[in-house]
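Values below: all heavy atoms of this structure, side chains included; hydrogens, waters and symmetry mates excluded.
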Amino acid sequence: MVTGREGSPDSSSSAAASVTDGRRAELSGRLTDVRDRIHRACSAAGRNIDDVTLVVVTKTWPVADLRLLRALGVQDFGENRLQELQEKSVELADLDIRWHFVGQVQSNKAAKVARYADMVHSVDSDRVALKLDAGAHRFEREIDCLVQVSLDSEGAGGGRGGVRLDGIDSVANALAGGRWVRLRGVMGVAPLGEDPSPAYARLREISRRLVSSHPSASCVSAGMSDDFEAALAAGATHVRVGSAVLGARPPLG
Ligand SMILES: *Cc1c(COP(=O)(O)O)cnc(C)c1O
């Protein structure tokens, strides 16, 4: 019996429910594909899947998507703007989520980043390291931090951010000396328009050197939707995946 359905009070909510179902199916399918890719890349590299964290980068996507993803087992979410991180973490405070900040940290906003992020991947100066430590102290939370290192080849234009080779020790020491920040490793973004493998190999070397002086700094955050297999082959422990899970990002408003 379907009589009397038309115009019934719940017709719009059931339409909304079917949109949600469609989105859930879409996210579930893409998430399964990404997890399969991670599995295959780990097997190929002889690595244990348990040593890899999938961080789903949800910048520009609504909290409804994060709720669906949380229900599909995702616990690690990445954002690159403070305001969006703050809004989402407040709205989703009922969920058990680990927040990753992957965007550039402005030093005047570092305290707030420390308030909302559990892991900051993008520490790129001594000053930011000190401000994060002060902010984490103020909000009485300990946070994990990675030194973002530049993987741009010498003389390349259009850099993708990060500390140059000769500045890494100084930022690492600034973090290691903090009481509320924990130095956990390094992060890198592969240069645009180049084979990412040599860049990720450089990152692995940088990581090895760092671990020799800071044994607990063994995390390597590397790899995005198009290249995380190359990053996993080079030892990445955290892959940051956006569009392969969520689809092409809507243009920024
Ligand atoms: C957006 C972003 C990602 C995810 O990029 P996709 O290509 O969508 O997977 C990863 N890392 C950083 C730093 C980002 O800003």
Side chains of Arg184 and Ser216: is there a donor and an acceptor less than 3.5 Å apart?
no

So CD1 of Ile97 and CG of Leu69: to nearest 0.5 Å the spacing works out to 9.5 Å

Nearest heavy-atom approach of Ala230 to Tyr200 is C-CD1, 3.9 Å

- Judged by atom type as modelled, is there a donor-acceptor pair below 3.5 Å linking the side chain of Arg24 to the main-chain atoms of Leu72? no

Passes salt bridge (charged side-chain N to carboxylate O under 4.0 Å, His left out), Arg182 versus Glu142? Steps please.
CA-CA 7 Å; Arg182 289 184 290 245; Glu142 293 185 17; 2.8 Å; yes

- Does the pair Arg37/Glu229 count as a salt bridge with the N-to-O cut at 4.0 Å? yes

- Query: Would you call Arg30-Asp33 a salt bridge at under 4.0 Å N-O?
  - Reply: no

Given the options Asp152, Leu146, Val147, Val149 meets side-chain contact (heavy atoms from CB on, under 4.5 Å) only with Val147

- Item | Worked check of salt bridge (charged side-chain N to carboxylate O under 4.0 Å, His left out) between Arg67 and Asp94 | CA-CA 10 Å; Arg67 286 197 182 276; Asp94 58 312; 3.1 Å; yes

The single option from Val239, Val220, Ile49 that satisfies side-chain contact (heavy atoms from CB on, under 4.5 Å) with Leu232 is Val239

query: Just checking, Arg23 and Trp61: is the charged tip under 6.0 Å from the six-membered ring centre and within 45° of the axis?
result: yes

field: Side-chain (Arg81) to main-chain (Lys59) donor-acceptor, under 3.5 angstrom
entry: no

Please check if the side chain of Ser170 supplies one atom and the backbone of Gly167 the other of a donor-acceptor pair under 3.5 Å. no

* Salt-bridge present (Glu205, Arg208; N to O < 4.0 Å) -> yes

**Prompt:** Going by atom types only, do Asp51 and Thr237 share a side-chain donor-acceptor pair under 3.5 Å?
**Reply:** no

Discussion item. Under a 4.0 Å threshold between the charged nitrogen and the carboxylate oxygen, would Arg98 count as salt-bridged to Asp144?
Written reply: yes

* Can a donor-acceptor pair be found between the side chains of Arg164 and Ser150 at a distance below 3.5 Å? -> no

Report task. Answer yes or no: does atom CZ of Arg141 have more than 12 heavy-atom neighbours from other residues, nucleotides or ligands under 6.0 Å? Result -> yes

Given the rule in the side chain to side chain donor-acceptor pair (under 3.5 Å) test, do Asp118 and His100 qualify, once you have shown the distances and angles that lead to the verdict?
CA-CA 6 Å; Asp118 298 294; His100 298 254; over 6 Å; no

